[in-house]
Structures are given as C-alpha cells and as structure tokens.
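Take a look at the structure below.
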Amino acid sequence: MGFFIPPPKVYKPAAEVDLGPDSDEHYISPNVKAPRVAGFLVKMLAWVLETPVLGWIVLGVLKRDNLVYKLVSDAEIPEPPLFTATHTWQAIQEQSVRVTESRLSPAERVQEAVACVPAAAQAQLEPAAGFRRWTVRDFHRAYRSGQATPTMVARRFLAAVEECSGPDLNMGFFISCDPADVLRQAEDSTRRYQQGAPLSAMDGVLVAVKDELDCLPYPTSGGTRWLGSARRCAADAACVAQLRACGAVMAGKANMHELGAGTSGINPHHGATRNPYNVGRVSGGSSGGSAAAVCAGLCPVALGADGGGSVRMPAALCGVVGFKPTAGRLSNSGLLPLNWTVGMPGILAATVEDTLIAYAAIADQSKPSPLQQPELNLPMLTRTRSMPSIRLAKYAKWFDDSSEDIRSLCGKALQMLRTHYGWESVDVTVPEIEEMRLAHYVTMGSECTASLAAKYLDSMSEVGWDVRIALSAYGSFSSRDYLSAQRLRCRQMYFHEKIFETADAIVTPMTGVTAYALQDDALSTGELDYINGAALVRYSIAGNFLGLPAITVPVGYDRGGLPVGLQFIGRPWSEATLLHLAYAMQEACGKKVLRKPKVHYDLLTKE
C-alpha cells in the first residue's frame, strides 16, 4: 500500500510557526471522504471491518483518504510527545472574582456563587411573549415561598418524562428514571423546606446525570446494553455526591450516544435523543440526553461528560449553555474511563448563572489531588459590565469555516460585545487545526480501545453497529500513531500558550452546522455521517486535547429556527473569566435567544 500513501507532512519546529494574522500557514478544512451510511450498509461495513485482512485493508484506505497517515502517523514531527493535557499551577490575575476557601462545603460554595449573581438577571431575560427558562434560583424562591414544593415539581417531572417517552413523542431523553427514588429525594427536600432548613439554593432542584457518570441507584452503562452488568456501580461519582450534598434531586440517567463514540445522539438500544426545537433533528452527542432535558425544561441543570465536545456541541444544538472546565479542575472519580487524557465531567444549564451555581457545587478543592490547582475563583457577574480590556483571539479562516447562518450570527455576536462592552477581537492564526482533530481522534480512539479491551471482546454482539465500526477504527491505531498524536499535542500546547500571551480567550462558533435531520434508517443501526460529524466537532477539540476550559452560549437561531452557539476557549484555570464572557454574551443577546422549544414543559407554574 505504500505506493498509494501520500508523502508524509514534514513539520517545522513549533517555535518557527508564525501565529500572526498574515501567517502563511495553510488552513485545511476537514478532508472527510466518506458518504453517509445507515441501515443495512452500516451492518455490512461493520462485518467487513471485523473480517481479518479485508478489514485491515479497508481501514488502511480510509485512514489514507482522510489524511491520518499523511498528517499524523507517518509525519516528521520535531517535538517530543506530551502524554497528558494537564496544566501546572499558574498565577492568573482574573478580574472581578470572589476567591473561595478550599475548606468550604459544596452547599457553602453554592451560597458563595449565588452572591455573585445579579438579583434581577432573570427578569432581564424574560421576553415579551412570556417564555422563560426557570432557573435554580426560581425553583429555590418558589420552594421557600410555598408557591411550589420539590414533591409537586417532581410529580410534574415524572408525568412529563412519561409523556415525552411515549410513542407520540419518543424523545429519548432518559435511559433510566426511577419514580420512587425521585419522589423519595423530593419528599426529603420538601421536609427540609417546611422546617426552614434547605441545604442550599440547589435543594430540591432536579439534575439529570449522563449515563457515563455513576449515580445510585442506577447502573452506569455508557449507553450500552451490557456495560452496566460488567462494571458494578458502588457509589456516586464525585460530582453527583457534591450535588446531593447540596440537596439536589438526581432525576435519572440521561441518554447518550453509545460509549460516547458518535456525535448524533442516536442510540439504537435506548432510542435517539430528539432535539426539542425540532423533533426531526438530532440533539448532538454524546451528552445529547442531558442537553435536550435542559432544553425541554425538565431540569435547569444536567451533568454530562466531554471528551471531544460532548457537552458543548449538544448544548449548542439544543440552545443551552455547555461548560467544560480545565482538565483536573473537576474530579473524574465515578466517570467511565473511556478516554483518560481528554475526557472529564461538564455542565449543561439553562443559563450562565445556573452554570456558575452548579460549577461552584462540584468544583471541590478540599480533597488531595495529584495536580496542584490555583484557588477557585467565582466570577462576580454583578461586575461583568465593568470589566475592561478583554481581548478575544479570532482565527478568521477557522471562524468562517461554518454555515452562512452560523458565520453571520457569531460575527454579529462579536460585534455586540464590542458595542456593549468595548472588548476587542485580535486576529491570529491557530495552526494545524485539522492535524489536531486527527491527533485527538487517534488519542481518544486508542484510549477507548485500551479501556474496553477486556470487556468488549465478550460483548461485541451487543454493541450497536455504528459503534462497532468506530471501535474497529479505534483498534487499528498503532503505538506509532499514538506517539505521533502526542507529539502534535505538544505542538498545539505551545501554539495556544503563545496565543494566550496576547489574548484572554479564543472565540469561535461552537459548531460548523446546526442540528441536521434525524433519518429513520439510522434509528435501529445508528449511522456514519462523518461529514456532519466533522463539522459538529470542528471547534471542540482544543478544549479536550489540550485540557483547556471552554464554554458555549446561545447567540440566536438559523433560518430554520435551530439554535446557534458561540464558544470561548480560555487559558488554563480561567473558568471565572469564561463565565464572565458567556454572561456578557447572554446579556448582549438578550431576548433573541429565548424562543420556546416545540417540546417544552413548565414544571414550576403548571397547574
């Protein structure tokens, strides 16, 4: 096959690459050469790839055509490998923050976060038509006043889940939801409010948990039919335990793309998660159930996991906020170890304020960590408007590599920040974007293969057809592929460190396309749609491959009424700055980003 493989790329040393706006670095739009495959063709391709010799030949052709050999495997890369995306302690001078003490409990951190949120913030977001997303503080106020109780809201939630899971809607939000457990938690919370002793502002607030995080009494199956029985769930994940300590009601296990190995949210075992804005469109993946549940009003906050944009991408497609902190900021305890160096928990929420409150709850600094972290800064959103001198790095070729509607809306959003806050955009070049995407794919796939190797061989027949194809591709990567990918990680770390010397954040669209059509032939087999898939993850990779914090916030809708998100990528440990930026964007966009989804439930005021 060597005659057919293109000559490998020869990289010059990272220090010699021009990162300025006039750089001669060539931008490569994803070179995806694979038609959409679903139904019978997915089964056939899975069989071919699993066939000895023939499968190896086909995978070799696919890797050649998609430039894996040229840009990663066989490339000449001068930098040494960098195996983790961890960041050492850095003294970051963030503006307008409240520094929290490491000894604080989750409930005390929530109290600190609530004090950072403007009292009238939600009223500013209420559109004339009357639609609003109920927030954590809305539920807390209703519970304290007696207007509603956690038990009342839980009963409405369970009725809504039953309705939207039925044959008329078949939304596929949850894999499992135990009504008795939900009601038990809600009744406990109701008693605390009746006694005048709620644990925190999150007491009684419903939180959906992606089926990649341990949450008792449920098994953790990673969206499969088999992993829950192969791996015993003995305790809550750290993030779940911290939310419980705040009184939150764990609402059940949210649906996900099987094993996180896809971007559509189509799960042949538990149903495709449909987009509440258009039930004929995908929700995104792999945290699609968490994003769609928040979008539909079933909970103001949900937990997801982000290994390749898996929190932020579905958040953008569903019109909610998606937040992935710096690698190491949140504990991975109780998270399925599908990809050790790129995956971590993340937050999906109705508003930036709710994102901040949930983040404060789960960002625990009290336990020893192998990674020294800076103190936990919480952004004082009451002072966001007075923040001066924010500089946003923009790589125009990358930024514009999206649909016309996304490009226009995100460009207008940047102009609004300039107009409302005086913040400026700085033109830069972020080199080797496609090379980083492929290196991340090799890394994620190799780690997933290593994690599942022992369990997967005995359960192959129970895995969805589309994921079997993905696992075949993952298993084809060699140690040389993996090492080359880590050398590219080293280069990208250097590039981003240099960019952050002159900018506070990098700004991009969140996705290259909005939610695409959910087609019937994919419902039972899954699908391979690498063209849309590459467009959906186009702006996600740095957050995971480099361990950088990133957040997406809605900025409007395309001509079909589908949500569009804008992303801010920050320097390590700059979560407070990113939350400030997202809040500023939310306030600048205002009413325009609050259209009511076609599937939505009002759990607070419904009679």
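Just so it is clear, the values below take in all heavy atoms, side chains as well, and ignore hydrogens, waters and symmetry mates.
For Glu112, the CD atom is densely surrounded, since the number of other residues' heavy atoms within 6.0 Å is greater than 12. The neighbour count for Arg144 CZ, taken as heavy atoms of other residues, nucleotides or ligands under 6.0 Å away, does not exceed 12. Enclosure of atom CZ in Arg407 by more than 12 non-hydrogen atoms of other residues, nucleotides or ligands within 6.0 angstrom is indicated.
Below 30°, between 30° and 60°, or above 60°: for His440 and Phe545 the angle between ring planes is above 60°, a perpendicular geometry. Between Tyr395 and Trp398, the ring-plane angle classifies as tilted under the 30° and 60° cut-offs.
Judged purely by distance below 3.5 Å, without hydrogens or angles, the side chains of Arg489 and Thr341 pair a donor atom with an acceptor atom. Counted by atom type alone, Lys210 and Ser290 present zero donor-acceptor pairs between their side chains at under 3.5 Å.
Looking at heavy atoms from C-beta onward, Thr577 lies out of side-chain contact with Pro379 at the 4.5 angstrom threshold. Between Thr429 and Asp18, every side-chain heavy-atom pair lies at or beyond the 4.5 Å cut-off. A 4.5 Å side-chain heavy-atom check between Ser402 and Thr511 finds every atom pair outside the cut-off. In this structure the side chain of Leu378 reaches within 4.5 angstrom of the side chain of Thr100, judged on heavy atoms. Using a 4.5 Å heavy-atom cutoff, the side chains of His580 and Met387 are in contact.
The existence of a salt bridge linking Asp400 and Lys397 is excluded, since no basic side-chain nitrogen approaches an acidic carboxylate oxygen closer than 4.0 Å. A salt bridge is defined here as a Lys NZ or Arg NE, NH1 or NH2 lying under 4.0 Å from an Asp or Glu carboxylate O, and Arg137 with Asp354 fails to meet this definition. Ion pairing between Glu501 and Arg571 fails under the 4.0 Å rule for side-chain N and carboxylate O. Ionic pairing of Asp504 and Arg391 is not present here: no N-O contact between side-chain nitrogen and carboxylate oxygen is shorter than 4.0 angstrom.
Proximity of the aromatic rings of Tyr583 and Phe568 is defined here by a centroid distance below 6.0 angstrom, and this criterion is not met.
Looking at every heavy atom in both residues, Ser286 comes nearest to Glu212 through OG-OE1, 4.4 Å.
With Phe399 as the aromatic partner, Lys394 meets the cation-pi criteria of under 6.0 angstrom to the ring centre and within 45 degrees of the ring axis.
Among the candidates Trp134, Tyr277, Phe131, the single residue satisfying the ring-ring contact (aromatic ring centres under 6.0 Å, His included) test with His600 is Phe131.
Rounding to the nearest 0.5 angstrom, the gap separating the OH atom in Tyr516 from the OG atom in Ser264 is 4.5 Å. Rounded to the nearest 0.5 angstrom, Lys324 NZ and Ser310 OG are separated by 11.5 Å.
The main-chain N or O of Gly304 is never found under 3.5 Å from a side-chain atom of Ser287 such that the two would form a donor-acceptor pair.
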